[in-house]
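Below you'll find the structure, written out as structure tokens, and then a few comments.
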Number of protein chains: 2
Amino acid sequence: MSTTAPLRPRKAQIDRTATALFRARGFAATSMRELATALGLEAGSLYSHIKSKEEILHRVCFGLADSFFAGFAAATQEAAPVAAQLRQAIVAHVRVLTHDSAASAVFLHEWRHLSEPARSEFLALRDRYEGAFRALIARGVAAGELHTPDPAFAALTLLASLNWLPNWYRPEGKLSPDEIAHRLAEQLLSGLV
Amino acid sequence: MSTTAPLRPRKAQIDRTATALFRARGFAATSMRELATALGLEAGSLYSHIKSKEEILHRVCFGLADSFFAGFAAATQEAAPVAAQLRQAIVAHVRVLTHDSAASAVFLHEWRHLSEPARSEFLALRDRYEGAFRALIARGVAAGELHTPDPAFAALTLLASLNWLPNWYRPEGKLSPDEIAHRLAEQLLSGLV
DNA sequence: CCTACCGATCGGTAGG
DNA sequence: CCTACCGATCGGTAGG
């Protein structure tokens, strides 16, 4: 999607540390002094690397959006049955969520602290992503592979289940990301009954 | 559960207004001055009704927890098939979420701004609630009514789908709360395929 | 419920 | 990357 220039190492480190703090305490409740301390420097020194606190949040939120879109595109470009494409899209989504669950949690919960116009741009991207899942499910219904009275409703419910993952996923857990993804896909596609 | 004394009207009004602000801006980013302005009074005046900002958050989070437990208890006390009880528990959960979606959103996202020991107490309650769903699903599996390799996993996924509701529910929408609940139950219990 | 105010802390800057 | 600092704002209190 957007061509993202590689970050200088120090800047990338600031982003990573800030992401962990934003996730744990929330964006508004995380101070630049806490962030500086966690990095082993003084508050003022942060500003030789970044312009503002919000700049970090912006980069995290839009960077994750890029990752989700890239994963979806790769998962759905083959001419496979729609149900198989949906499974692959679920796997791709879960891979992004598990590869950096801290950034994912920030993406999911802290975007509202973006100021305009970034906030609206972010929401437009999120809508577009949900729309892609909705369209895929609708194609599946048209092809007779999927059954639901309301693809939009189904897409929201499906993504909601997936997006809860950063709240409990632990890299050292028993299930691998792909095993988690397949289990989620199984439950969501086949139901509990 | 806990016997909650009725609030004086002004206090209840403060809670309602604060809940709407906490939801829209987040707890940390909502100032007592904003809250006072929204209520038409001065910041200092709030403190003749409440002791602290956190007191409001505490009441909202634990009040909702009570509502969820009460709904679950009512839904599962009859001697019905487990699948029917699970459906009723979903309906009860969705009723709480839709009856006050602002308070539900605060319950779901802002609890982490509780200080100890309230935060740990809250998480223990939430775990207990998830455990009740897990146990119900496990009973359904044992009875041969439900099928899942992992009731804990299934409970998390199910609740995640339901808890996304406050993010898009509008009271003036086409579907009533009970219609939404039944549609969610249908999709979660029967799947998309 | 208001006025007047407290100490603490905030994001960010200037100058080196 | 640090020192020293800015004005603004924070949650909360005293006294009426």
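Quick note on labels: first sequence line is chain A, next is B, and so on, each numbered from 1.
- Listed for the A/E130 side chain is no donor-acceptor partner under 3.5 Å among the backbone atoms of A/D127.
- In the hydrophobic clustering of ILVMFWY residues, with side-chain heavy atoms under 4.5 Å counting as a link, A/L64 and A/V91 come out apart.
- A search for side-chain contact (heavy atoms from CB on, under 4.5 Å) contacts involving A/Q13 returns A/R10, A/R16, A/T17, A/L39, not counting sequence neighbours.
- With a 3.5 Å limit on both pairing distances and Watson-Crick or G-U wobble geometry required, the stems of 3 or more pairs in DNA chain D span C:1-16 with D:1-16.
- Reading DNA chain D from its 5' end, the first and the last nucleotide to sit under 4.0 Å from a heavy atom of chain B are D/dC10 to D/dT13.
- Partners of A/A155 according to the side-chain contact (heavy atoms from CB on, under 4.5 Å) rule, which considers only residues two or more places apart in sequence or in another chain, are A/F133, A/R134, A/I137.
- Remark: side-chain polar atoms of A/E55 are not paired, donor with acceptor, to backbone N or O of A/I50 under 3.5 angstrom.
- A cation-pi arrangement is present between B/R126 and B/W111, with the terminal nitrogen or guanidinium carbon under 6.0 Å from the aromatic centre and inside a 45° cone about the axis.
- Although no hydrogens or angles enter the test, the distance criterion places no donor-acceptor pair under 3.5 Å between the side chain of B/Q85 and the main chain of B/L136.
- Less than 4.0 Å separates DNA chain D from at least one heavy atom of each of the following residues of residues 16-31 of chain B: B/T30, B/S31.
- Within the 3.5 Å criterion, the main-chain N or O of B/L41 finds no donor-acceptor partner in the side chain of B/S45.
- Not counting sequence neighbours, the partners of A/L125 by the side-chain contact (heavy atoms from CB on, under 4.5 Å) test are A/F62, A/A65, A/F69, A/R128.
- Shown here is A/R112, whose CZ atom has more than 12 heavy atoms of other residues, nucleotides or ligands within 6.0 Å.
- Each of B/G40 and A/R33 lies near DNA chain C, and the nucleotide nearest B/G40 is the one positioned closer to the 5' end.
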